[in-house]
Amino acid sequence: CFTVSGEAASGLPYNIIFDNCRASQSGLDGLDIEDGSIVYVRNCYFATCGNDQTYYNPATSYGATFRLLAAIAISNDCNNIRISDCYFTGCYYGITYGASPLVTIERCKMTGSTKQDITTGLSESPNGLIIRDCELLTASQPCTLILESAKRKETSLISGCRLASLQYI
């Protein structure tokens, strides 16, 4: 549906705002944040992202853990991503993330994810992951958070959240 991307020669796109957007019925992610700095996603609605196989089933080509089967997929090459006041329902994954610094997810509600509400889609977690005042209500699978902050001397914070389940790796 939407993407934030750039090339090294032209620099990273920055100060991008997605406000009151709707992404639904996509075979892959609703929003792909590949390369970007200072990206705000607010008051958005995501439904069945990564779950619509009307024309194509990417899981058969890439596997069931493919990180782009999400409402929002954040790569390793971003920084300062803030997702707030968004609603996610029936997506394959709610949010997948990589090692990008400063990822904040706040006041979001996720329900009915096929796999997990929030999970790492790449090998490491962000520097300074903050999940605050969210409702992560998919009970069938836990949210998986890979917290390697101690290695990088960064702080990760989960506060004020209502969780159906949680798993740390």
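- The CZ atom of Arg22 lies 10.5 Å from the CZ atom of Phe2; values are rounded to the nearest 0.5 Å.
- Asp52 and Thr48 share no donor-acceptor pair across their side chains, judged by distance under 3.5 Å alone.
- Here the side chains of Val41 and Arg82 are not in contact, with every heavy-atom distance at 4.5 Å or above.
- A heavy-atom distance below 4.5 Å is found between the side chains of Ile72 and Ile33.
- Here the straight-line distance linking atom CZ of Phe46 with atom OG of Ser26 works out to 9.5 Å at 0.5 Å rounding.
- Nearest approach of Gly50 to Tyr92, heavy atoms of both residues: O-CB, 3.6 Å.
- Taking both residues in full, the closest heavy atoms of Cys49 and Ala70 are given as CB-O, 3.8 Å, listed atom of the first, atom of the second, then distance.
- Residues Ser100 and Asn79 have side chains that never bring a donor and an acceptor to within less than 3.5 angstrom of each other.
- A salt bridge does not link Arg107 with Glu135: none of the charged nitrogens is closer than 4.0 Å to a carboxylate oxygen.
- The side-chain heavy atoms of Asn15 and Val39, taken from C-beta on, include no pair separated by under 4.5 Å.
- Residues Leu137 and Lys109 form a side-chain contact, since some pair of their non-hydrogen atoms from C-beta on lies under 4.5 Å apart.
- Annotation: the span from Ile158 atom CD1 to Leu163 atom CG amounts to 7.0 Å, rounded to 0.5 Å.
- Here the OG atom belonging to Ser84 is positioned 6.5 Å from the CG atom belonging to Asn43, to the nearest 0.5 angstrom.
- Residues Pro13 and Ser5 approach most closely at CG-O, 3.4 Å, considering heavy atoms.
- How far CZ of Arg132 is from SG of Cys108: 11.5 Å, rounded to the nearest 0.5 Å.
- You'll find the side chain of Val4 stays beyond 4.5 Å of the side chain of Glu34, heavy atoms only.
- Side chains of Asn51 and Thr114: a donor on one and an acceptor on the other come within 3.5 Å.
- Heavy-atom minimum distance, Gly112 versus Thr138: N-OG1, 3.3 Å.
- Counting only distance, with no hydrogens or angles, the side chain of Ser113 and the backbone of Lys115 share no donor-acceptor pair below 3.5 Å.
- Contact of the Asp29 side chain with the Tyr93 side chain is not registered, since no non-hydrogen atoms from C-beta on lie closer than 4.5 Å.
- Atom CD1 of residue Ile105 and atom CD1 of residue Ile95 lie 4.0 Å apart, to the nearest 0.5 angstrom.
- Phe88 places none of its side-chain heavy atoms less than 4.5 Å from the side chain of Asp117.
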Q. Could you go step by step and tell me if Phe18 and Leu31 meet the side chain to side chain contact (heavy atoms under 4.5 Å, CB included) rule?
A. CA-CA 10 Å; Phe18 292 90; Leu31 172 58; 3.6 Å; yes
task = May I have the step-by-step check of side chain to side chain contact (heavy atoms under 4.5 Å, CB included) for Ile74 and Ile83, ending in yes or no?
result = CA-CA 11 Å; Ile74 303 167; Ile83 302 165; 4.0 Å; yes
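- Only one option out of Asn76, Asn80, Ile81 pairs with Cys78 in a side chain to side chain contact (heavy atoms under 4.5 Å, CB included); it is Ile81.
- Between Gly30 and Cys1, the shortest heavy-atom contact is O-CB, 3.1 Å.
- Using a distance-only test at 3.5 Å, with no hydrogens or angles considered, a donor-acceptor pair links the side chain of Thr3 to the main chain of Asp32.
- Between Leu129 and Tyr97 there is a side-chain heavy-atom pair separated by less than 4.5 Å.
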